[in-house]
Amino acid sequence: MLPDFELCCSEFEHFGLTLSEDIYRKLDIYAEFLVEYNNNVNLTAITDPEGILVKHFIDSILLSKYADIPQNSRLIDVGTGAGFPSVPLKIYRNDIQLTLLDSLNKRIFFLQQLCDKLGIDAEFIHGRAENFSKLPEYREVFDVSCARAVANMSLLSELCIPFVKVGGQFLSMKGPSEDISSGENAVELLGGHIEQIIDYELHDDKRRIVAIKKISQTTTKYPRNSAQIKKKPL
Ligand code: SAM
């Protein structure tokens with residue numbers, strides 16, 4: 001399904017990454033299962049081998065190049081969809097302790113089958129982020145929360161920052177067009193601080209990672225319920 005090993009190696013090298021045969025084999029199984037499953041369940045609009053390689057897999061793995069994710073981090077991927085960015089990241093960085101969360105059960109079901117095929121150990125949560133981060137077993141226990149293409153900065157901060165322990169980080173993967181400053185107020189109110197904005201290119205596409213450090217606890221009034229979050233963004 002993926003382009004051949006040599007071509008994939010040169011794409012990885014182009015982005016400053018290395019690719020082993022074992023990782024290639026796992027990514028290839030992932031690509032094949034994604035495209036097959038996508039015939040019945042809507043998971044992705046990108047289905048060509050080169051697109052999956054660069055726009056899904058390499059983009060996801062670049063998170064560990066541009067952001068500092070400590071060894072053995074407990075990481076939650078909020079609104080993970082078909083597993084991006086965290087499943088390619090886990091394939092690349094097996095030390096990560098992975099939790100996958102999505103509000104759509106059909107996507108969680110896909111991920112369970114995928115992780116089974118790949119021998120990936122992960123925790124799966126079907127539900128809305130704003131409900132689960134209120135529960136003591138998920139609140140402020142993660143070293144890292146991350147999200148790609150889920151919502152604007154203000155809304156996303158309310159979904160993701162409550163999961164992170166003080167000293168941990170929220171890594172938001174975005175396109176370049178959003179005005180990040182409009183989310184600064186939300187970030188601060190939730191106990192975060194924008195530490196770094198990393199701009200990079202995926203061939204012709206511009207991408208951005210916003211790295212937010214959790215500097216103080218999130219007050220118990222956040223997150224609010226989804227209607228309030230949407231109606232009155234912070
Ligand atoms: N992160 C993946 C990616 O980059 O391909 C999926 C992005 S998709 C556009 C957004 C995903 O976020 C969907 O799978 C949706 O079900 C999920 N989602 C949106 N709001 C959510 C919430 N409040 N809690 C949990 N999942 C949510």
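In each ligand, atom 1 is the first atom listed, and ligand 1 is the first ligand listed.
Under the 4.0 Å criterion applied to side-chain N and carboxylate O atoms, Asp143 and Lys165 are assigned as salt-bridge partners. Salt-bridge check for Asp121 with Lys90: failed, with every basic side-chain N at 4.0 Å or more from each acidic carboxylate O. Of the charged side-chain nitrogens involved, none lies within less than 4.0 Å of a carboxylate oxygen, so that Lys26 and Asp28 do not count as a salt-bridged pair.
Taking all heavy atoms of Asn131, Asp102, Leu156, Leu104 into account, the minimum distance to atom 15 (C) of ligand 1 is reached by Asp102. The residue among Glu158, Arg107, Lys230, Arg128 with a heavy atom at the shortest distance from atom 20 (N) of ligand 1 is Arg128. Among Ser133, Ala149, Pro223, the residue whose heavy atom sits closest to atom 9 (C) of ligand 1 is Ala149.
Nearest heavy atom pair, residue Pro3 against residue Leu53, reads CG-CD2, 4.3 Å.
Taking the six-membered ring for Trp and the full ring otherwise, the centers of His126 and Phe132 sit at least 6.0 Å from each other. You'll find the ring centres of Phe12 and Phe5 outside the 6.0 Å limit.
Within 6.0 Å of atom CD in Glu201, more than 12 heavy atoms from other residues, nucleotides or ligands are found, so the atom counts as buried in its surroundings.
For ligand 1, the atoms lying closer than 4.0 Å to a non-hydrogen atom of Arg148 are 1 (N), 2 (C), 3 (C), 4 (O), 5 (O), 7 (C). Near Leu101, meaning under 4.0 Å from one of its heavy atoms, ligand 1 places the atoms 25 (C). Heavy-atom proximity to Glu130, at under 4.0 Å, picks out these atoms of ligand 1: 22 (C), 23 (N). Every atom of ligand 1 is numbered from 1 in the order shown, and the set under 4.0 Å from a heavy atom of Gly127 is 24 (N), 25 (C). Proximity to Ser103 (heavy-atom distance under 4.0 Å) selects the following atoms of ligand 1: 16 (O), 18 (N), 21 (C), 25 (C), 26 (N), 27 (C). In the vicinity of Gly81, heavy-atom distances shorter than 4.0 Å reach the ligand 1 atoms 6 (C), 14 (O).
Residue contacts with ligand 1 for Met173 are absent, since no atom lies close enough (heavy atoms, distance under 4.0 Å).
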